[in-house]
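Chain A is the first sequence line, chain B the second, and so forth, proteins listed ahead of strands; every chain is numbered from 1. All figures in this text were calculated on a predicted structure; none of them were measured in a lab.
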Amino acid sequence: MSIRVRFAPSPTGMPHVGVIRTAIFDWLLARHHNGKFVLRIEDTDRSRYVEGAVDNIIGALKWLGMDIDEGPSAGGDYGPYYQSERLPLYYRYVKYLIDEGRAYWCNCTPERLDKIRKEQQAKKMPVGYDNKCWNLGLNGEPGDGVHVLRFAIPPGMTTTFHDELRGDITVDNDELDDFVLLKRDGFPTYHFASCIDDHHMAISHVFRGEEWLSSAPKHKLLYDALGIEPPKFVHVPVILGPDRKKLSKRHGAANVLEYKQMGYLPEAIFNFLALIGWNPGTEDEILSKEQLAELFTVERINTSAGIFDIDKLNWMNGEYIRAMPLESLVERLRPAMSEWGWIDDGFEPWGKEYVAGVCALMQERLKTLVEMREKAFFFFEEFESYDPKGAKKAFKGDDIIDRLSAAREKLEKTEWTVVGIEAAIRETAEKFGVGAGKIIHPIRLAVSGISAGPGLFEMLHILGRKKVIARIDKAIESL
RNA sequence: GGCCCCAUCGUCUAGUGGUCAGGACAUCGGCUUUUCAAGCCGACGGCACGGGUUCGACUCCCGUUGGGGCUACCA
C-alpha cells in the first residue's frame with residue numbers, strides 16, 4: 001500500500017505553529033516512505049474564509065522547504081483540492097445514507113437547538129441533539145436553505161476506533177449525538193467531507209491534532225455506514241505556550257510566518273518543530289529535513305502535549321547560523337540589511353567585501369538574523385551616544401584623553417592589518433604601563449558606541465582607518 | 001455537568017519489572033579571553049500522589065490530583 005498523507009488546513013487565518021507541526025509530520029512520513037504529500041484546502045465554512053489564507057499556507061510550506069506533491073497549485077489526479085469544489089462528490093452519498101437509514105433530514109432551527117442546549121445545561125444533563133427529526137421522513141435537498149442532513153448514530157451500543165498511538169478507544173454511542181453532515185447552505189461539515197475525501201484521495205495516514213480525538217468515533221461510525229475502510233489515524237499532541245495554555249499571540253507568536261519576520265531560519269524552525277512531540281531516537285538533535293525524514297516513524301510520536309520553548313529555538317537557530325557558509329549568511333542577511341537602509345539592492349555603498357567581513361565577525365554572535373541590527377549597526381551607521389554603563393567604566397581616569405590620543409596617533413601610522421592594529425594598541429598600553437584592556441575598552445566604545453562586540457582588532461580592521469580615527473576624535477571631543 | 005486523552009529534571013525527551021534513571025535547552029560555576037559570544041569542563045535538577053500486583057516497580061492495574069480536549073448547521 002502506498003503512503004499518501006494529506007495536510008488539510010482550513011483557510012481561516014494565519015498558519016499556526018501547531019498546524020504547521022502537523023504538516024511537518026505529514027511531510028516527514030511521506031518522504032520517509034517515498035509517498036505523496038497532499039495539500040487539501042478545507043474551505044467548507046464560508047463565513048470564516050479569510051482572503052489570502054491559502055497563499056499564506058502555501059507560502060509557509062514553501063518557506064520551510066516542504067514540497068507539495070499534490071494540491072491546489074501543484075495539481076494531481078485526485079483533485080479538485082478545494083472542498084468547496086467537491087460538493088457533487090459529497091452529494092453522491094446522501095441518498096445512499098438516507099436509504100440505508102443512516103442519515104435523515106432535519107429542519108430544527110438554530111434557535112430551537114440553542115434552546116434545548118440551554119435547558120440541558122441548566123438541568124446539568126448531557127447536552128446534545130434530541131433526535132426530534134429522526135423518523136419524521138422529512139424531504140430535503142442539499143442546500144435547500146431549511147434542512148440539514150444528520151447522521152443517525154446507532155443507539156445502545158459502543159464504538160471502538162483505533163488510534164495508532166493510543167490503541168483502541170471505546171465509547172458509548174449514547175454519548176454521541178446525531179451530528180450534522182450537510183449544513184443548511186449545502187456545504188458539508190468537516191466530519192462528512194474529510195471522511196469522503198480521505199477515502200477518495202486514497203489517503204493512508206491521517207495526522208491531526210488531538211482535539212479531534214473526541215470526534216474520532218463519529219468518523220468511525222460514518223466510515224462503517226459508508227462502507228469504506230478508514231485510513232490510519234494518528235492524533236498528535238498539541239503545542240502549548242509556557243503557561244500550558246494553547247499557544248497564541250500572547251506567547252510571542254503563534255503564526256510561523258512571524259518567526260520568519262523575527263529572524264529565524266526555516267531550517268531551524270523545521271528542526272525545532274519536528275522535535276516537539278516526536279524524537280529521532282538519536283543523541284544528535286540538529287538534523288536536516290532529509291535526516292529527519294530518514295529517521296521518522298509514527299511510533300516515536302509522543303502522546304503528551306509539548307511546550308514551545310523559545311530558548312531552545314534560539315539556541316538551535318544560533319547553531320544553524322554558525323554552521324552556515326559565510327556566503328549563505330550574507331545572502332540571508334541581505335534583504336534585512338537592505339530594509340534597514342544599510343545597503344542598496346547591491347552591497348553599495350559599502351561593497352560586498354566589507355559587508356561579508358562584517359557578517360563574518362557577527363556570525364557566531366547571532367541567535368537570530370534580526371539581532372544583527374542592534375549588534376552591528378555601527379558598521380553601517382553613525383551614532384550619537386555611548387552606552388552609559390560602558391562609558392562609566394571605559395571613559396574614566398584622568399588620562400583617558402591621553403590614552404585615546406596616543407592610540408589614535410599609533411593607529412594613524414601603523415600598517416592597517418589586524419596584526420598591525422593589535423601591535424599599535426598593545427604598544428600604547430605598554431607606553432602607559434597599563435593592561436591592554438585600558439586601551440581596548442575605551443576604543444571599542446569610541447568606535448562602536450557599545451561595549452560588546454567582535455574582537456577589537458578585527459573590528460577596527462573592517463571599519464577602516466579613516467572611520468576609526470574620526471570616531472576616536474569625536475569621542476575625545478565629547479569627553 | 002458528561003465524555004475522552006495525557007502525566008520522567010524548569011523545558012524537549014530517552015529508558016527498563018532489578019539502570020549510578022541517560023541526553024539536549026535553560027540556569028549556575030570554572031577554563032579561555034580585550035568585551036560579547038562561541039568552545040571546553042563541571043554543577044544543579046526528575047520518575048505527581050495514594051493504594052494494589054510482584055521477591056522487586058519509575059515501569060503493570062486501580063484511584064486521586066493536575067493538565068489538555070470535546071460537548072456547533074467551526075474546523
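Rounded to a whole Å, the CG atom of A/Leu221 is 19 Å from the P atom of B/rC3. Protein atom CZ of A/Arg426 is 11 Å distant from nucleotide atom P of B/rU33, rounded to whole Å. Computed from coordinates, the A/Asp311 CG to B/rA26 P distance equals 7 Å when rounded to whole Å. If you measure from atom CZ of A/Arg208 to atom P of B/rC4, you get 18 Å, rounded to the nearest angstrom. The CG-P distance, from A/Asp284 to B/rC25, rounds to 11 Å in whole Å. Rounded to whole Å, atom P of B/rU35 lies 11 Å from atom CZ of A/Phe457. A/Lys312 places its NZ atom 13 Å from the C1' atom of B/rG10, with the value rounded to the nearest Å.
Using a 4.0 Å cut-off on heavy atoms, the residues of residues 433-446 of chain A that approach RNA chain B are A/Ile440, A/His441, A/Arg444, listed by number. At a non-hydrogen distance threshold of 4.0 Å, A/Glu364, A/Arg365, A/Lys367 from residues 362-371 of chain A come into contact with RNA chain B.
Base-pair partner of B/rG50: B/rC62 (Watson-Crick or G-U wobble, both distances under 3.5 Å). Across every strand in view, B/rC70 sits in a pair with B/rG2 that passes the Watson-Crick or G-U test at under 3.5 angstrom. In this structure, B/rC36 forms no base pair with any nucleotide, since neither Watson-Crick nor G-U wobble geometry is met with both distances under 3.5 Å. Checking B/rC28 for Watson-Crick or G-U wobble geometry (two distances, each under 3.5 Å) identifies B/rG42 as its partner.
One finds a salt bridge joining A/Lys410 and A/Glu427 here, because a Lys/Arg side-chain nitrogen approaches an Asp/Glu carboxylate oxygen to under 4.0 Å. A salt bridge is defined here as a Lys NZ or Arg NE, NH1 or NH2 lying under 4.0 Å from an Asp or Glu carboxylate O, and A/Asp178 with A/Arg102 fails to meet this definition. Using a 4.0 Å cut-off between charged nitrogen and carboxylate oxygen, A/Lys367 and A/Glu319 do not count as a salt-bridge pair.
A donor and an acceptor atom, one from each side chain of A/Asp43 and A/Ser84, are located under 3.5 Å apart. Using a 3.5 Å distance cut-off with no hydrogens or angles, the side chains of A/Ser47 and A/Asp45 do pair a donor with an acceptor. A donor atom on one side chain and an acceptor atom on the other are not found under 3.5 Å apart for A/Asp26 and A/His205. Under the 3.5 Å distance criterion, with hydrogens and angles disregarded, no donor-acceptor pair is assigned to the side chains of A/His200 and A/Asp197.
Checking the phosphate oxygens (OP1, OP2) of B/rA75, no side-chain nitrogen or oxygen of A/Arg46 falls inside 4.0 Å. For A/Ser304, no side-chain nitrogen or oxygen approaches OP1 or OP2 of B/rC5 to under 4.0 Å. Within the structure, a side-chain polar atom (N or O) of A/Asn302 is placed less than 4.0 Å from OP1 or OP2 of B/rU13.
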Check step by step if side chain to side chain contact (heavy atoms under 4.5 Å, CB included) holds for A/Leu247 and A/His16.
-> CA-CA 9 Å; A/Leu247 190 67; A/His16 189 274; 4.2 Å; yes

Would you sort out whether A/Asn173 and A/Thr159 count as a side chain to side chain donor-acceptor pair (under 3.5 Å), showing the intermediate values?
-> CA-CA 6 Å; A/Asn173 282 16; A/Thr159 298; 2.5 Å; yes

Show your working on side chain to side chain contact (heavy atoms under 4.5 Å, CB included) between A/Leu226 and A/Tyr223 and close with a plain yes or no.
-> CA-CA 5 Å; A/Leu226 256 14; A/Tyr223 277 109; 5.6 Å; no

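Aromatic ring centres of A/Phe179 and A/His191: separated by under 6.0 Å. Annotation: A/Phe383 is not in aromatic contact with A/Phe378 [ring centroid separation under 6.0 Å not met]. Taking the ring centroids of A/Trp278 and A/Phe296, they lie under the 6.0 Å cut-off.
Here B/rG23 is the nucleotide among B/rG23, B/rU34, B/rA14 with the atom lying nearest to any side-chain atom of A/Glu283. Among the nucleotides B/rU11, B/rA75, B/rA7, the one closest to the side chain of A/Asp309 is B/rU11. Here the side chain of A/Arg166 is nearest to one of B/rA26, B/rA24, B/rC6, namely B/rC6. Distances were taken from every side-chain heavy atom of A/Ile169 (C-beta onward) to each of B/rC5, B/rG15, B/rC6; the shortest belongs to B/rC5. Taking the side chain of A/Asn279 as heavy atoms from C-beta on, and the options B/rA14, B/rG10, B/rU34, the nearest nucleotide is B/rA14. When each of B/rC25, B/rA75, B/rC6 is scored by its nearest atom to the side-chain atoms of A/Ser10, the top-ranked nucleotide is B/rA75.
Comparing the P positions of B/rU53 and B/rC61 gives a spacing of 15 Å, expressed to the nearest Å. Distance noted for atom C1' between B/rG29 and B/rC62: 46 Å (whole Å). Using atom C1' as the reference point in both B/rG10 and B/rC5, the two lie 24 Å apart (nearest Å). Taking atom C1' on both B/rG39 and B/rC6, the two are 39 Å apart, rounded to the nearest angstrom. Spacing between B/rU34 and B/rA24 at atom P, rounded to whole Å, works out to 29 Å. Taking atom C1' in both B/rU8 and B/rA48, the straight-line distance is 10 Å, to the nearest Å. Comparing B/rU13 with B/rG17, their C1' atoms sit 22 Å apart, to the nearest whole Å. Rounded to a whole angstrom, the distance from the C1' atom of B/rG52 to that of B/rU71 is 34 Å.
No cation-pi contact links A/Arg40 to A/Phe7, judged by a cut-off of 6.0 Å to the six-membered ring centre and 45° from its axis.
Considering all non-hydrogen atoms of both residues, A/Leu265 and A/Met324 come closest at CD1-CE, 3.4 Å. The heavy-atom pair separating A/Ala225 from A/Phe151 by the smallest distance is CB-CE1, 3.6 Å.
Using cut-offs of 30° and 60° on the angle between ring planes, the pair A/His235 and A/Phe233 is parallel. Taking the six-membered ring where the residue is Trp, A/Tyr259 and A/Phe308 present tilted rings, their angle falling between 30° and 60°.
Where A/Thr109 and A/Met125 meet RNA chain B, the nucleotide closest to each residue was compared, and A/Met125 sits on the side nearer the 5' end. Comparing A/Glu285 and A/His191 along RNA chain B, the residue whose closest nucleotide (by nearest heavy atom) sits nearer the 5' end is A/Glu285.
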Reading nucleotides 57-72 of chain B from 5' to 3' and marking B where a protein heavy atom lies under 4.0 Å of the base, S where only the sugar-phosphate is that close, and - otherwise, the string is -----------SBSSS

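Using a 4.0 Å heavy-atom distance criterion, A/Ser451 is classed as a base contact. Among the protein residues, A/Cys106 comes within range of no part of the nucleic acid, since none of its heavy atoms lies under 4.0 Å from any strand. Using a 4.0 Å heavy-atom criterion, one finds that A/Ser194 contacts no nucleic acid atom at all.
For A/Asp399, the side chain to side chain donor-acceptor pair (under 3.5 Å) criterion is met by A/Arg403, not counting sequence neighbours.
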Might you list the N or O atoms of the protein lying below 3.5 Å from N or O atoms in nucleotides 39-41 of chain B, with each pair's distance?
unit_1, atom_1, unit_2, atom_2, d
B/rG39, OP1, A/Glu319, OE2, 3.4

Any N/O pairs under 3.5 Å between the protein and nucleotides 27-32 of chain B? List them or say none.
none

